[in-house]
J.: 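This is the structure I want to talk about, given as structure tokens.
Excluded from the calculations below are hydrogen atoms, water molecules and symmetry mates; all remaining heavy atoms, backbone and side chain alike, are included. Every number for a ligand or one of its atoms is a count from 1 in the order of the listing. For this chain, numbers begin at 1 and follow the sequence in order.
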Amino acid sequence: MARFIFITGGVVSSLGKGLASAALGSLLQARGFSVRLRKLDPYLNVDPGTMSPFEHGEVFVTDDGAETDLDLGHYERFTGVPARMSDSVSSGRIYSDVLEKERRGDYLGKTIQVVPHVTNQIKEFISIGEDEVDFMLCEIGGTVGDIEGLPFFEAIRQFSHDQPRGQCIFMHLTLLPYLSASGELKTKPTQHSVKELQSIGIAPDILVCRSEQPIPEKEREKIALFCNVRKEAVVAAYDLKSIYEAPLAYHREGLDQAVLDAFAISPAPRPDLTIWQDVYDRIHNTDGEVNIAIVGKYIQLEDAYKSIKEALTHGGMANRVKVNVEWVDAEIFDREDPAPHLEGFHAILVPGGFGERGTEGKIRAAEFARTRKIPYLGICLGMQMAVIEAARNVAGLKDAGSEEFDHEAGEKRFTPVVYHLKEWVQGNRKVKRKVSDDKGGTMRLGAYDATLKDGSRVAQIYGTTGIDERHRHRYEVDTTYREQLEKCGLTFSGMSPDGRLPEIVEWADHPWFIGVQFHPELKSKPFAPHPLFADFVRAALDNSRLV
Ligand code: GLN
């Protein structure tokens, strides 16, 4: 049975709980343990699938097709453990499951209450697959004291109470603000936050304190005394140049040792940190840099393209170069010539997106990359826009477009070279959809296989002709125009195994122009950069040497 580590946060949000959890997961792995990480989010959406990327950042998709919180991306990038549907839950999901059971009559006429019905549902979720790993790390979203988080805090309190002694620990993240006027780190907010936790019956075993300044010994002692935590379990978390330094930094500060001590695991297995040392080396010892433009719509919030940004960083690590990413608003090119905005970039990436706004700009960015022979990576919508560009400007289908935009506008304006996919095969079953279906969870989601064309650039990059990648889309490139487009030089170099759905297109006579219907960024890791991103950055580097 797994040992459980519950991770909570206090004082302020955005302290980096997800990162701390992920880094701790990787450190436990480095000591030879198996781990799984889980996120429990107090908001009422059933999942983040329908939340705007402006509000919530990227939606991270798992192999089994769940649309989850972006923290699951951190978990995967640090531990390499593929996240599952059962690793992410929200109040919305919990309540909707409880209410469904109530409607079915499963509760046999009982009055349904937060305690025990909602808390039991949460506890059930926490323990899914508990036999599979040594450590289960469960992060609670939000901060202690939030109204909507209360059932989760109550559930983890009960859960640890239900378990044998020593099976669960609590780790709490706080902030030590620095007052420059008095030159002091203040511990009071941390004390208050721990009091708040204690008032709901949770006594933290470990405190991770975010701080801009080194924590003096005296302050550490004070925190330990007032918060009832061992001094060695007050762990400092300083700002880092790169998030990938976190495992080494937390190890240096004694986090993994404190966790093992809290579980009384002795002697502690020695950690093997080789992969993180290599990662560190690749970040700090670079030779050269490349400038890459991401032409997107949700550029006000960088988290909207979190995994893409990280995958580009990994691509840089693979080539030992620094990747400078610049966000370019696609809508500018709806009105203006992209050339002055995009000249000077060594490569262009057009990411995924929904809705028509900004798409004409993305089409022009694809045209610019194609005609100027600049490396281009189109992801999902970015691939669809590249195909529309090819159809309009090379194959002569002047009014080529996507059905997505016609649906949005409520009128037919385009020849749909990208159409609404209503039926496809998943494993051995057929999936069917209607235009009027609910928005939540109804896309082609999760891992699907693709077959790559022998001798294509992508087959070369992947080093194989059989791949599987994660999807999240409703619309699909229409094979009706395949022959016409291939005659013009746009190769359909990856297809679904049944040959019906285009997965990858590439321009044959271009140094590097690839569009993919899936999201390769979701599977890239610092210690295993995704081949497409590694090669894209290499192509950008080659291009930088030309100019
Ligand atoms: N909006 C497009 C679709 O649904 C692309 C989705 C995406 O980029 N993730 O097919």
J.: Check the orientation of His407 and Tyr475. Use parallel for under 30°, tilted for 30 to 60°, and perpendicular for over 60°.
T.: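 Ring orientation, 0 to 90° scale: tilted.
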J.: Given Gly355, Gly378, Cys380, identify the one with the heavy atom nearest to atom 7 (C) of ligand 1.
T.: Cys380
J.: Compute whether any side-chain donor of one residue and acceptor of the other, for Gln426 and Tyr448, lie under 3.5 angstrom apart.
T.: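 Their side chains do contain a donor-acceptor pair, which is all the 3.5 Å distance test asks for.
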J.: Which ligand 1 atoms does His519 reach within 4.0 Å, using its non-hydrogen atoms?
T.: 9 (N)
J.: Check this for me: does any side-chain nitrogen of one of Arg370 and Glu389 sit under 4.0 Å from a carboxylate oxygen of the other?
T.: yes
J.: Would you say ligand 1 has an N or O under 3.5 Å from any N or O of Leu381?
T.: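 Between Leu381 and ligand 1, an N or O pair is found under 3.5 Å apart.
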J.: Indicate yes or no: does an N/O atom of Gly353 lie under 3.5 Å from an N/O atom of ligand 1?
T.: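 Yes.
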J.: When you check the side-chain N and O atoms of His473 and Arg444, is any donor under 3.5 Å from an acceptor?
T.: yes
J.: Pair Trp512, Asp535 - check side-chain hydrogen bond (donor to acceptor under 3.5 Å, both in side chains), show working.
T.: CA-CA 9 Å; Trp512 210 102; Asp535 207 56; 2.8 Å; yes
J.: Side chain, backbone, both or neither: which part of Met443 has a heavy atom under 4.0 Å from ligand 1?
T.: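 Answer for Met443: neither.
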J.: Can a donor-acceptor pair be found between the side chains of Ser493 and Glu506 at a distance below 3.5 Å?
T.: yes
J.: Report yes if Arg472 has an N/O atom closer than 3.5 Å to an N/O atom of ligand 1; otherwise report no.
T.: yes
J.: Please classify the Glu476 to ligand 1 contact at 4.0 Å (heavy-atom distances, strictly less than): side chain, backbone, both or neither.
T.: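 It is neither part, as no heavy atom is under 4.0 Å.
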J.: To check your reading of the model: name the closest protein heavy atom to atom 10 (O) of ligand 1, its residue, and the distance in Å.
T.: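 I find the closest protein heavy atom is Tyr475 N, 2.8 Å.
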J.: Please list, in number order, the atoms of ligand 1 under 4.0 Å from a heavy atom of Arg474.
T.: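 Going through ligand 1 atom by atom, the ones under 4.0 Å from Arg474 are 3 (C), 4 (O), 10 (O).
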J.: When you compare ligand 1 with Gln384, is there at least one nitrogen or oxygen pair between them that comes in under 3.5 angstrom?
T.: yes
J.: Under a 4.0 Å N-O cut-off, is there an ion pair linking Glu503 with Lys453?
T.: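 Salt bridge absent between Glu503 and Lys453.
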J.: Between Tyr481 and Glu486, is there a side-chain donor-acceptor contact under 3.5 Å, judged purely by atom types and distance?
T.: no
J.: Output the list of atoms in ligand 1 that are nearer than 4.0 Å to some heavy atom of Glu404, sorted by atom number.
T.: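 Here the atoms of ligand 1 in question are 1 (N), 2 (C), 3 (C).
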